[in-house]
Each structure stands twice: as C-alpha cells, then as structure tokens.
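Ligands are counted one by one from 1 in listed order, and the atoms in each one are counted from 1 as well.
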Amino acid sequence: MSKNPLKLTQNSGRPGNKLNPAMWGDTFQTFNSPPPKPNPHLTKHIPNHPPMTTNDHLTWASAPWTSVPGPSTAPIGVHKTLPYLPPSRGGTALHTLDIWLPSTPTTTTTTTTTTGTLPSGPGTWLVYIHGGAWRDPAVTAASFSAAASRLLQRAAEESAQPLAGIASLNYRLSPHPAHPAPGDPARAAAHPDHIQDVLAGLGFLQGLGVRGRYVLAGHSCGATLAFQAVMDPRRWGLGAEVVKPAVVVGFNGLYDLAGFIRAPPEGWEGLVEPYEEFTTRAFGPEENVWRAVCPATAEGWVPEWDGEGRKRVVLVQSREDTLVPYSQLESMKVYLERWTEKVKTEVVEVEGGGDHDDMWGRGDKMAEVLWNAMLGV
Ligand SMILES: Nc1ccccc1C(=O)C[C@H](N)C(=O)O
C-alpha cells in the first residue's frame with residue numbers, strides 16, 4: 001500500500017471553497033443540445049492529417065528502442081521517440097511521440113522492429129499530453145519520463161501485467177514571447193493546430209494497435225487537450241475520428257480560461273496578464289472562442305464522448321500549485337456533475353505534491369494516480 005498522502009474524494013472538492021453554479025450565469029448553457037455543428041466562432045476549417053500507410057509504419061518501426069534502466073541491474077522497459085507524421089505529409093519536429101513498453105517476454109526489439117506494430121501484451125495503454133500553456137518549448141513529451149519510469153518500475157514488480165504501454169505526445173506550439181523561434185513551423189501554432197496534432201497522434205497510435213479502453217491523461221493545458229480530444233472534432237472543424245479513452249485524468253488542468261481572465265480568484269489577479277497572453281496566442285482574442293474551447297464552458301459536450309459504458313474522469317490538483325488555482329478543478333467538477341449518468345468524476349487532492357511542474361518533474365504522485373486510474377479500466 002502506498003504511503004503517499006493522496007486523498008480520494010469522489011464527487012467532492014475542497015471544503016469551504018464550493019462554487020455555487022448559480023454564480024456562473026451564462027457560463028453554463030444548454031446541456032442537452034443535439035450533436036454540435038462546427039462552432040461559428042471557429043472559422044478555420046482544416047482537413048485531417050492524412051491516414052498512415054503500412055510503409056509509414058514500417059519506416060517508423062525501424063527507429064531503435066533503448067533500454068530503460070531500473071533501480072537494480074535489470075532493465076524495466078524499452079523506450080523510443082518516433083514521428084507520427086512524416087515531413088512529406090507536413091510533419092514538423094514536434095509531430096513526434098515517445099513510447100515506453102514494460103519489460104515482458106513480448107517486448108523484444110525483434111518483434112517491435114519487424115512488424116511495424118507494437119506487441120499486444122495484456123493491460124491498459126496510457127497516453128499522456130504534456131502542458132506548458134500551449135507554448136513552452138521546455139515542456140515536452142519527454143517530460144513524462146520520471147512518471148514513466150515509476151510506472152514501468154511498478155509494472156516490473158507485478159506478476160499480472162496491468163500496463164500495456166505508455167505513449168506521450170508532442171504537438172505544435174504557439175509562439176512564446178520569451179523563446180522566439182521565427183520561421184519554425186512547429187512553433188507558430190494556433191487553435192485548432194494543437195488538438196489536430198493530438199488527434200493525429202492518437203490516430204497513429206491506434207494504427208499501431210493501441211485500441212480499446214485506454215487512459216488519456218494531461219497536465220495543465222494537456223488536460224484541456226485531453227478533454228477536447230473526447231469532444232466531437234467537428235467542433236474544431238476537424239473530422240478526425242479516433243477511438244476515445246475510457247478514462248480522462250487531468251493534472252493541474254486549465255478548464256475555464258475565460259473565467260480566470262474575467263474574474264480570477266482572490267489573490268490570483270497577478271496572473272491574469274500571462275493567462276491572457278498565452279490564451280490569446282493559442283486561441284485568438286475573442287472571449288466567446290475561449291468559452292467554446294474550454295471543457296468547463298463548452299456547451300454540452302459530454303454525450304460526444306462515445307464508446308462503451310460509463311466514462312470516468314479523475315481531476316487531480318496539487319495544493320501547492322502557484323500557476324493554476326483550485327477553482328479551475330472546481331468549475332470542471334461542477335460542469336461534470338451535471339452528467340453523472342454518463343461520467344463518474346473523482347477528485348484527487350495531492351498534498352505535498354509541490355508546485356505546478358513538480359507534478360511531472362517528480363513524477364511519483366502522477367504515477368501513483370495513473371496507476372490507480374489504470375487499474376479501474
Ligand atoms: N503562466 C501559466 C499559467 C498556467 C499554466 C501554465 C503557465 C505557464 O507559464 C507555463 C509555462 N511555464 C510558460 O512559460 O508558458
């Protein structure tokens with residue numbers, strides 16, 4: 001049993017900090033609306049990334065695997081980075097993903113390099129979307145490494161194999177004022193580029209055999225993207241159909257940007273400017289677009305999360321986070337509570353989890369929450 005102080009409270013949040021839904025006025029719109037038409041505020045219509053060919057898979061399958069060292073001598077898994085969209089199809093340096101596989105008899109180099117598919121061991125796949133406010137080049141798919149090692153280590157200790165594999169997605173970023181990258185097509189993204197890439201990455205993984213019930217997790221804006229990935233892609237003018245996850249896990253997530261920018265919680269006023277900066281870079285200057293893209297304010301999207309059975313959401317927040325207030329989790333929870341027939345929502349408050357990026361930087365708490373999320377699939 002874990003000694004980590006993770007408190008699991010189903011359908012409940014921080015006491016004494018409850019949000020009254022009535023306060024939200026027009027934030028909550030009609031919830032039982034028909035399937036969405038493309039949002040009129042989102043005028044950009046972009047075709048899907050093209051589907052992968054067998055040749056593409058074979059080419060990418062030849063990227064070498066490296067061994068992941070464990071605490072003792074035995075390796076606990078294998079890892080590689082590979083593109084999910086080749087340059088000939090518009091792929092950039094950020095159309096890549098990282099894959100980790102636990103050490104099992106089937107995860108040999110031969111299997112993985114000769115067939116162009118991934119070995120289909122038992123267990124659940126976990127897909128991670130990094131954060132960084134849609135723009136920070138220092139936060140990447142590789143920032144899941146610490147949590148991935150923890151998960152592989154834990155998998156190595158189990159006789160039954162609950163973890164099939166881990167994938168962590170890169171996606172194009174919006175410009176960052178502190179990190180200029182003129183002329184780099186990977187660093188000039190605007191919505192819906194980010195979610196388009198995430199869907200392309202998921203589609204690629206599904207081509208490799210990552211299907212069925214999987215866990216989709218995201219940190220910060222990666223949590224926003226994870227929820228956007230279960231919505232109907234026609235909302236973003238995209239048609240990319242992917243198999244949707246059974247569980248979404250959001251760590252220190254951004255769920256209501258307009259709410260924060262318009263009315264930040266007390267003591268958070270100093271962050272309105274950076275929030276507005278990155279929100280505008282990612283989504284443009286219109287508040288109604290911010291509302292249409294954020295999972296705590298986008299109209300009636302839950303029925304679009306199709307697939308078998310009742311879905312699960314795990315909302316995770318570090319108490320010590322200085323970049324994202326707890327009220328973001330609260331508004332997401334209030335929204336999801338209107339859909340209890342379709343979604344079961346759990347809240348995990350992480351004590352001693354450290355600041356915003358410590359969640360993935362340390363990786364221990366993140367891995368523990370994900371392990372538990374996986375076991376429930
Ligand atoms: N201000 C934030 C508020 C919320 C979430 C992230 C940020 C970030 O600044 C992330 C990143 N370190 C960045 O430089 O964009």
Side-chain angles (χ1 to χ4, degrees), residues 94 128-147 168-182 184 186-191 193-195 197-198 217-228 248-285 287 289-291 293-297 315-332 349-350 353-363 365-366:
L94 287 179
Y128 178 77
I129 309 170
H130 70 77
W134 290 273
R135 64 177 192 176
D136 189 344
V139 186
T140 68
S143 60
F144 194 66
S145 300
S168 179
L169 303 174
N170 276 310
Y171 49 90
R172 282 170 292 167
L173 301 177
S174 298
H176 195 308
H179 306 275
D184 184 348
R187 302 280 304 284
H191 178 79
D193 296 343
H194 321 95
I195 181 63
D197 292 353
V198 165
H219 175 263
S220 196
C221 74
T224 326
L225 283 160
F227 281 105
Q228 289 176 339
V248 167
V249 189
F251 293 92
N252 298 343
L254 297 167
Y255 305 121
D256 178 7
L257 295 168
F260 185 96
I261 292 165
R262 217 163 228 279
E266 215 186 310
W268 291 79
E269 298 80 2
L271 278 179
V272 167
E273 208 179 300
Y275 265 72
E276 194 162 3
E277 217 285 330
F278 70 67
T279 299
T280 303
R281 297 273 183 167
F283 300 102
E287 189 178 326
V289 174
W290 305 346
R291 290 188 185 278
V293 296
C294 280
T297 52
L315 299 173
V316 190
Q317 180 66 44
S318 169
R319 292 286 200 167
E320 291 95 42
D321 193 332
T322 60
L323 290 181
V324 176
Y326 198 84
S327 57
Q328 288 289 306
L329 180 151
E330 282 281 353
S331 33
M332 195 65 237
E349 296 170 33
V350 179
D355 204 350
H356 191 62
D357 288 336
D358 292 331
M359 186 70 86
W360 55 262
R362 297 178 187 169
K365 302 278 158 64
M366 183 173 258

Notebook entry, point to check: Would you call the rings of H176 and H179 parallel, tilted or perpendicular if under 30° counts as parallel and over 60° as perpendicular?
Noted result: perpendicular
Next item on the list: Please work out whether the ring planes of H219 and H356 are parallel, tilted or perpendicular, with thresholds of 30° and 60°.
Entry: tilted
What is the nearest protein non-hydrogen atom to [atom], stated with its residue, atom name and distance?
{"atom": "atom 7 (C) of ligand 1", "value": "L323 CD1, 3.8 Å"}
{"atom": "atom 10 (C) of ligand 1", "value": "A133 CB, 3.8 Å"}
{"atom": "atom 2 (C) of ligand 1", "value": "F278 CE2, 3.6 Å"}
{"atom": "atom 15 (O) of ligand 1", "value": "R135 NE, 2.6 Å"}
{"atom": "atom 11 (C) of ligand 1", "value": "D136 OD2, 3.2 Å"}

Notebook entry, point to check: In ligand 1, which numbered atoms sit nearer than 4.0 Å to a non-hydrogen atom of S220?
Noted result: 5 (C)
Next item on the list: Any atoms of ligand 1 less than 4.0 Å from a non-hydrogen atom of H176? List them with their elements.
Entry: 13 (C), 14 (O), 15 (O)
Check: Any side-chain donor-acceptor pair under 3.5 Å between D355 and T322?
Finding: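 T322 and D355 do have a side-chain donor-acceptor pair below 3.5 Å.
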Note to self: Going by ring pair (Phe, Tyr, Trp, His ring centres under 6.0 Å), F283 matches just one of W290, F278, W134, Y275. Which one?
What the structure shows: W134
Margin query: Y275 versus ligand 1: do any nitrogen or oxygen atoms come within less than 3.5 Å of each other?
Written below: no
Checklist line | Nitrogen or oxygen atoms of D357 and ligand 1 under 3.5 Å apart | finding: no
Note to self: R187 and side chain to side chain contact (heavy atoms under 4.5 Å, CB included): which single residue from P182, P175, P137 fits?
What the structure shows: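 When side chain to side chain contact (heavy atoms under 4.5 Å, CB included) is applied between R187 and each of P182, P175, P137, only P137 qualifies.
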Next item on the list: Identify, with sequence neighbours excluded, every residue that meets side-chain hydrogen bond (donor to acceptor under 3.5 Å, both in side chains) alongside W360.
Entry: D357
Checklist line | Pair H130 and Y171, ring centroids less than 6.0 Å apart | finding: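 That pair passes the under 6.0 Å test.
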